[in-house]
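Encoded as structure tokens, the structure appears first; notes follow it.
The structure presented is a predicted model; accordingly, all values stated were derived computationally and were not measured. One-based numbering along the sequence shown.
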Amino acid sequence: MSFEQEWAALQAEAKQSVGMRLNEAGGDKSPGAGQGLKVSGSALRGKARSAEEVAKSVGAVDDEALKETGQVKAGLKGFACAAAFETFQERWGDQTRYLAGLLNQSLAIALRTAAATFEEDDKKTGQRAEEAGGSGGNRRVAR
């Protein structure tokens, strides 16, 4: 079998395999089949509150970790590795503050902005539907 023949056979096999997988995509075997995406402004704001709660938890874990590693550092006073714990504490603090900031500022604010935008767009869509006669724009036109 030449390279070209083998390549053509492999391509045909791959195309059939993909087609079979796509045919099953909407079947009962598919995880999440039949479930729709449900988004609302209140759901997005709830996720923003959850992000803020996680950020607070990160702060609590940060405080506890720094307290515990501070005790280790104090116990190793006079050893060369004590400095490593100081470096660890600095980096740990920087990273946890960064993570908490991402959760509080970036994620929570983005979710609240998305909620407001979603509700505004939903309201405008409803108004357009009402202006179109409440039938979703399918008004009958006299001929």
Legend entry - Expected output: side-chain Thr96 to main-chain Gly93 donor-acceptor under 3.5 Å: yes
Inset, instruction - Over all heavy atoms of both residues, which pair between Gly41 and Ala115 is shortest? Give the atoms and the distance, please. - result: O-CB, 3.4 Å
Legend entry - Pairwise side-chain contact, Thr87 with Arg91, heavy-atom cut-off 4.5 Å (strictly under): yes
Legend entry - From Asp94 atom CG to Leu99 atom CG, the distance as rounded to the nearest 0.5 Å: 12.5 Å
Inset, instruction - Examine Val39 and Leu107 and state if one hydrophobic cluster contains both, with Ile, Leu, Val, Met, Phe, Trp and Tyr joined whenever side-chain heavy atoms are less than 4.5 Å apart. - result: yes
Inset, instruction - Take the angle between the ring planes of Phe88 and Phe85 and call it parallel below 30°, perpendicular above 60°, tilted in between. - result: perpendicular
Legend entry - Atom pair CD (Gln95) and CG (Asp62), whose distance is rounded to the nearest 0.5 Å: 11.0 Å
Inset, instruction - Drop me the distance from Thr125's OG1 to Glu120's CD, to the nearest 0.5 angstrom. - result: 10.5 Å
Inset, instruction - Report whether Val72 and Leu66 are members of the same hydrophobic cluster (ILVMFWY, side-chain heavy atoms less than 4.5 Å apart, transitive linking). - result: no
Tabulate below the donor-acceptor pairs under 3.5 Å that side-chain atoms of residues 47-55 make, not counting sequence neighbours, or state none.
| residue | atom | partner | partner atom | Å |
| --- | --- | --- | --- | --- |
| Ser50 | OG | Gly46 | O | 3.1 |
| Glu52 | OE1 | Arg112 | NH2 | 3.1 |
| Glu52 | OE2 | Arg112 | NH1 | 2.9 |

Inset, instruction - Apply the test salt bridge (Lys or Arg N to Asp or Glu O under 4.0 Å) to residues Glu119 and Arg45: give CA-CA distance (whole Å), side-chain angles for both, the deciding distance (0.1 Å), then the verdict. - result: CA-CA 11 Å; Glu119 289 172 338; Arg45 279 189 292 283; 2.8 Å; yes
Legend entry - Straight-line distance of Asp122 CG to Thr117 OG1, nearest 0.5 Å: 12.0 Å
Inset, instruction - Report yes or no: does Gln5 contribute a side-chain atom to a donor-acceptor pair with the main-chain N or O of Ser2 at less than 3.5 Å? - result: yes
Legend entry - Evaluation steps, side chain to side chain contact (heavy atoms under 4.5 Å, CB included), between Leu10 and Glu6: CA-CA 6 Å; Leu10 289 171; Glu6 185 177 355; 4.3 Å; yes
Legend entry - Interatomic spacing from CG in Leu102 to CD1 in Ile109 - rounded to 0.5 Å: 11.0 Å
Inset, instruction - First locate atom CD of Glu68, then atom CG of Asp63, and finally report the distance between them rounded to the nearest 0.5 Å. - result: 12.0 Å
Legend entry - Shared hydrophobic cluster for Val58 and Trp92 (ILVMFWY, side-chain gaps under 4.5 Å): no
